[in-house]
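See structure below.
Each chain gets a letter, A, B and so on, in the order the sequences are listed, and its residues count up from 1. In this text, all values refer to a predicted model and were calculated from it rather than measured experimentally.
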Protein chains: 2
Amino acid sequence: MIQTKQKQTKKLRIIPLGGLEEVGRNMTLFEYGDSIIIVDMGLQFPEEDMPGIDYIIPNINYLKGKEKNIKGVFITHGHMDHIGAIPHLMPALGNPPLYGAPLTCGIIQKRQEGYHKGGAKLNIHIVTAQDKIQAGPFRVEFFHVNHNIPDVLGMAIYTPAGLIIHTADFKFDHSPITDRPADIGRIAKLGSEGVLALMSDSTDAEVPGYSISEKDIQDTLDNIFEKASGRIILATFSSLISRIQQVITLSEKYNRKVAIDGYSMRTNVSIAYKLGYLKIRRGTLVKPEQVNSFPDNKVTVLCTGAQGEESAVLMRIVNREHRHIRIKKNDSVIFSSSVIPGNERTVQNLKDILYRQGAKVIHYKMMDVHAGGHAQREDLKMMINLIKPKFFIPIHGNYYMLCLHASLAESVGIPAKNTMVAGNGKVIEITPNSISMTKEKIPSNYVMVDGLGVGDVGNIVLRDRQMMAKDGMFTIIVVIDSKTGKMIGEADIVSRGFVYMKGSRELINETKKKVKEIVNKKATSEHSTNWAYIQDNLRDQIGQFLFNKTKKRPMILPVVIEV
Amino acid sequence: MIQTKQKQTKKLRIIPLGGLEEVGRNMTLFEYGDSIIIVDMGLQFPEEDMPGIDYIIPNINYLKGKEKNIKGVFITHGHMDHIGAIPHLMPALGNPPLYGAPLTCGIIQKRQEGYHKGGAKLNIHIVTAQDKIQAGPFRVEFFHVNHNIPDVLGMAIYTPAGLIIHTADFKFDHSPITDRPADIGRIAKLGSEGVLALMSDSTDAEVPGYSISEKDIQDTLDNIFEKASGRIILATFSSLISRIQQVITLSEKYNRKVAIDGYSMRTNVSIAYKLGYLKIRRGTLVKPEQVNSFPDNKVTVLCTGAQGEESAVLMRIVNREHRHIRIKKNDSVIFSSSVIPGNERTVQNLKDILYRQGAKVIHYKMMDVHAGGHAQREDLKMMINLIKPKFFIPIHGNYYMLCLHASLAESVGIPAKNTMVAGNGKVIEITPNSISMTKEKIPSNYVMVDGLGVGDVGNIVLRDRQMMAKDGMFTIIVVIDSKTGKMIGEADIVSRGFVYMKGSRELINETKKKVKEIVNKKATSEHSTNWAYIQDNLRDQIGQFLFNKTKKRPMILPVVIEV
């Protein structure tokens with residue numbers, strides 16, 4: 001570590017942390033000598049093979065003992081993958097000052113209310129794109145970019161090694177809604193100062209062309225509103241304030257009342273409205289229980305659930321579990337969102353149910369009812385051309401997207417040797433003349449949050465869940481007389497998720513017979529009773545027996561009780 | 001039933017069966033009076049919420065007692081979703097005659113070898129597009145269409161009610177590989193005879209335009225082959241014979257040896273080669289263990305695993321579990337397939353690993369290295385225009401795709417009232433002048449195959465699997481002295497998938513104490529020992545206790561043993 005420290009005094013170290021394959025999305029450290037600043041502190045949603053896990057937070061082992069070095073935490077915007085780990089990690093890091101734009105801080109504070117009641121309050125500082133923050137040897141300035149939430153701050157980080165530009169999650173929108181266009185002038189000016197390294201959002205590095213403007217989305221939606229003769233039910237992401245504004249504006253134009261449903265969406269709307277990010281006329285909003293008292297063509301329902309999330313509003317409506325709203329013939333249901341990879345099948349099934357219930361479904365593959373929040377290939381080229389960095393570090397995206405973004409940078413003149421694709425837990429070292437990766441490996445394995453447990457579910461627990469999900473479990477309980485070493489009565493079998501027990505009496509009886517054989521054979525052949533040995537025998541032999549009979553491999557759990 | 005039978009003597013009944021939401025994909029019945037023919041007999045792969053299930057087969061309850069009525073089973077082509085249920089269902093249906101094209105029958109027969117050894121042999125009849133089969137009152141003729149396997153037969157079914165056209169899974173390809181173009185002349189001629197109803201493939205009813213020709217795919221691949229300086233590893237569907245031919249032809253052109261790996265692909269290649277559907281020069285094929293003895297630029301690996309399937313060849317290669325092949329820098333890995341909805345996330349992760357290992361990845365979103373097997377919107381219109389049916393029945397696809405296909409038909413002149421969108425288990429009745437749906441509901445719930453069990457895993461078992469996958473299970477074993485009604489010793493706890501047990505000793509000890517309280521309180525307050533009551537108490541109170549402590553809800557399984 002001492003050796004590393006000597007290096008630190010000369011070099012800027014950049015360490016992406018957190019996120020699964022999505023490198024540097026959730027949290028990035030900038031370390032120079034004894035000083036550290038952190039950009040973002042988000043969570044990641046679990047993968048398919050992590051059943052039951054709520055979310056994953058960055059591993060902060062590297063920061064243990066370095067808490068005092070942390071000069072500031074800078075949050076680019078208010079999405080969960082950038083703020084979600086704050087309640088868990090800030091107390092552990094000694095609650096350093098946190099900087100963010102007004103809407104970002106509003107969302108962070110609201111969320112904090114639900115966590116650690118009575119715990120230390122966050123040390124929040126609201127900033128705007130005009131502010132300059134000195135944090136140890138770092139001076140952080142901001143610039144405005146577009147995304148699918150307002151108030152996103154790109155970061156200009158002045159370090160002793162040189163100026164680093166961090167784009168945040170961004171796109172360029174020359175006609176955004178509830179927002180002003182990205183500050184291209186300011187970005188160009190930063191570029192003219194001489195930028196050492198550009199860290200740029202790679203999420204859509206695979207997508208050709210330019211992203212669509214929110215104005216075009218509004219025009220498409222206007223067409224739909226104009227023609228709809230029944231209710232309009234529009235599902236989107238709860239933080240997509242600009243989409244929410246579009247729907248409210250159009251509803252007002254076509255004399256529709258708007259019912260907003262879904263806890264997270266209502267919360268975000270309330271924060272955004274208070275801070276002036278949403279314009280809503282008095283009388284436009286109604287409660288979900290009121291929608292049935294207006295004619296269908298005077299009603300818009302704005303809700304969560306466009307990803308087919310189990311407990312979200314749209315799912316409750318189609319499953320007839322919503323207290324006030326059912327799908328009717330002539331409803332137009334608009335999925336105003338892209339489908340997050342992994343949710344495709346669920347969304348297909350949701351569309352099926354909607355059609356069966358008589359609704360008309362409109363989604364982004366049919367019409368431009370959604371624009372993503374990330375710069376596409378032509379926009380990404382423009383960012384590189386504006387910043388003209390010496391070094392290029394693609395961030396935010398699967399590893400293969402970073403690679404594609406690196407090739408793209410090469411195509412607009414950044415030499416391949418000046419580009420660094422680094423995974424989470426890698427250390428990038430930058431001097432005014434060099435970029436390299438050290439041989440260190442910073443702990444970056446997942447910290448899983450499941451209920452109240454943080455990190456208590458590890459690979460063993462997950463593997464057990466996967467196994468039980470596949471073929472269930474089969475517990476064998478054997479009571480043994482400690483005097484004779486013989487089994488008392490017959491074995492108890494508790495099995496779930498394996499076969500339908502009531503229909504498998506014969507199999508169970510055969511298994512019980514076999515258990516008795518195994519135990520009593522052992523008991524008579526050995527005088528010292530070795531329960532672990534009997535348990536192993538039961539596990540192996542009953543496992544094999546059940547596999548031969550069923551070609552399934554339930555988890556076998558033998559329990560030997562001595563009385 | 002007698003009432004229905006009277007109707008049957010006058011009307012043709014069409015009953016789509018099997019498939020989840022994908023209506024009529026796996027199996028369709030045509031019933032006229034006492035006679036039935038069946039088109040296809042496939043399986044469906046399970047949904048995400050069916051952990052451990054191998055596949056799903058159609059429910060044939062409706063055919064119980066009607067086995068003698070079945071005059072023939074007509075198979076359109078050799079894909080699993082059209083042939084996969086044959087080994088399970090044909091014996092139960094009394095083994096009626098089965099008709100299919102040469103390649104289709106070859107694949108069916110090969111698969112049969114793995115099932116029911118020594119069971120009744122199938123009654124297979126190989127047919128060609130020129131044949132006419134009389135099956136009871138039905139005369140079935142065939143016409144050639146394109147798809148992504150050769151030898152697909154569309155069906156012209158002459159019934160006493162009129163001529164029904166069933167397109168099979170189809171596309172039009174005017175320059176196919178290892179195949180001839182769809183027989184548009186014959187299709188037009190059938191159209192000129194006056195068609196009562198058209199049943200047409202809806203899989204791509206959402207996709208605009210025309211499908212790409214295999215010739216274009218070949219040209220793109222030729223470009224990649226021309227430039228590749230290292231090995232080419234191409235992953236595709238095991239039954240995509242035309243793609244396999246393209247890769248072999250190009251490898252021969254560029255002097256590359258071809259190693260084919262993956263059991264299903266090798267099997268299909270062997271059948272197709274024997275039947276003359278594949279042209280391979282002597283010396284082109286090498287074994288996977290030989291690839292390392294050739295220069296990289298002289299090697300092509302053709303394998304399964306483009307969907308990221310866990311046990312397929314490509315996954316074994318990237319996981320370093322393949323016996324002979326590892327990814328090297330400069331390998332070009334081509335995903336020559338679309339991504340089946342539900343597999344997106346897995347494929348993304350696979351691409352990440354490939355990039356990390358230094359390979360170059362090419363997939364269908366970047367270049368035309370894959371064409372789907374289904375007609376797109378313009379092709380679908382052309383089919384309707386050629387056939388000019390009186391009635392239109394969209395089949396093969398999610399319910400919402402059928403609806404989109406129905407609207408498409410309306411746009412080319414089929415009146416909405418002449419179109420019938422019917423789910424699985426519905427009965428469509430057709431006369432020369434009418435189409436309608438009866439009020440019957442034919443059993444069409446899923447029959448799940450899990451290991452050797454067919455139908456032994458139902459909703460209860462699945463629900464248990466889902467529950468255990470989410471928060472694990474927690475078995476509490478209590479031994480009670482039958483004389484005193486008091487607990488002997490302390491409770492045994494067996495828990496998996498809940499929390500990491502070794503790190504949760506305190507929680508477990510507290511739980512054991514609580515169990516003892518519950519049991520002994522019960523035992524002293526009641527003289528007659530009611531074990532079920534104690535079990536309920538344990539389930540509720542320990543469940544609540546663990547939830548308060550962890551916010552997780554493992555499945556609680558109390559076992560009371562009396563000695």
Could you please spell out the steps behind the side chain to side chain contact (heavy atoms under 4.5 Å, CB included) verdict for B:T475 and A:L557? CA-CA 10 Å; B:T475 305; A:L557 298 164; 5.9 Å; no
NZ of A:K512: more than 12 outside heavy atoms within 6.0 angstrom? yes
So with a 6.0 Å cut-off around NZ of B:K441, is the heavy-atom count from everything else above 12? yes
Closest non-hydrogen contact found for A:A469 with B:A469 is CB-CB, 3.6 Å
Heaviest contributor of heavy-atom pairs below 4.5 Å to chain B, chosen from A:R553, A:K549, A:R496, is A:R496
Which pair of heavy atoms, one from B:I460 and one from A:Y500, lies closest together, and at what distance? CD1-CE1, 3.5 Å
Within a 6.0 Å radius of atom NZ on A:K426, are there more than 12 heavy atoms belonging to other residues, nucleotides or ligands? no
Restricting to pairs with a member in residues 465-484 of chain B, which pass ring-ring contact (aromatic ring centres under 6.0 Å, His included), not counting sequence neighbours? B:F474-B:F498
Part of B:N548 lying under 4.5 Å from any heavy atom of chain A: backbone
Interface moiety of B:M366 toward chain A, non-hydrogen atoms closer than 4.5 Å: side chain
Under a 4.5 Å cut-off applied to non-hydrogen side-chain atoms, are B:I477 and A:V559 in contact? yes
Answer yes or no: is there a side-chain heavy-atom contact under 4.5 Å between B:M401 and A:D352? no
If you draw a 6.0 Å radius around NZ in B:K360, do more than 12 non-hydrogen atoms from other residues or ligands fall strictly inside? no
CD on B:E344 to CD1 on A:I340, rounded to 0.5 Å: 12.0 Å
Taking everything shown except B:N459 itself, do over 12 heavy atoms lie less than 6.0 Å from its CG? no
Would you say A:E206 and B:K351 make side-chain contact, with heavy atoms under 4.5 Å? yes
Looking only at B:Q466, B:R463, B:M468, B:K551, the option with the highest number of non-hydrogen pairs under 4.5 Å against chain A is B:M468
Find the one option among A:G342, A:P51, A:G497 whose heavy-atom pairs under 4.5 Å with chain B are most numerous. A:G497
Interface moiety of A:M501 toward chain B, non-hydrogen atoms closer than 4.5 Å: neither
Residue, of B:V207, B:I561, B:I53, that accumulates the most heavy atom pairs under 4.5 Å with chain A: B:I561
A:P341 and B:Q348: which non-hydrogen atoms are nearest, and at how many Å? CG-NE2, 3.6 Å
Heavy-atom contact with chain A under 4.5 Å, split by part of B:L354: neither
Would you mind checking which part of B:D492 comes under 4.5 Å of any heavy atom in chain A, side chain (CB onward), backbone (N, CA, C, O), both or neither? side chain
What part of B:V499 lies closer than 4.5 angstrom to a heavy atom of chain A: side chain, backbone, both or neither? both
Can you check whether A:T550 reaches B:D450 side chain to side chain, under 4.5 Å on heavy atoms? no
Verdict with reasoning, A:M473 to B:V494, per side chain to side chain contact (heavy atoms under 4.5 Å, CB included): CA-CA 11 Å; A:M473 66 87 185; B:V494 179; over 6 Å; no
How are the rings of B:Y400 and A:Y355 set relative to one another: parallel (under 30°), tilted (30 to 60°) or perpendicular (over 60°)? parallel
Just checking A:Q544: does its CD atom have more than 12 heavy atoms from other residues, nucleotides or ligands closer to it than 6.0 angstrom? yes
Just wondering, do B:N398 and A:R345 contact through their side chains at under 4.5 Å, heavy atoms? yes
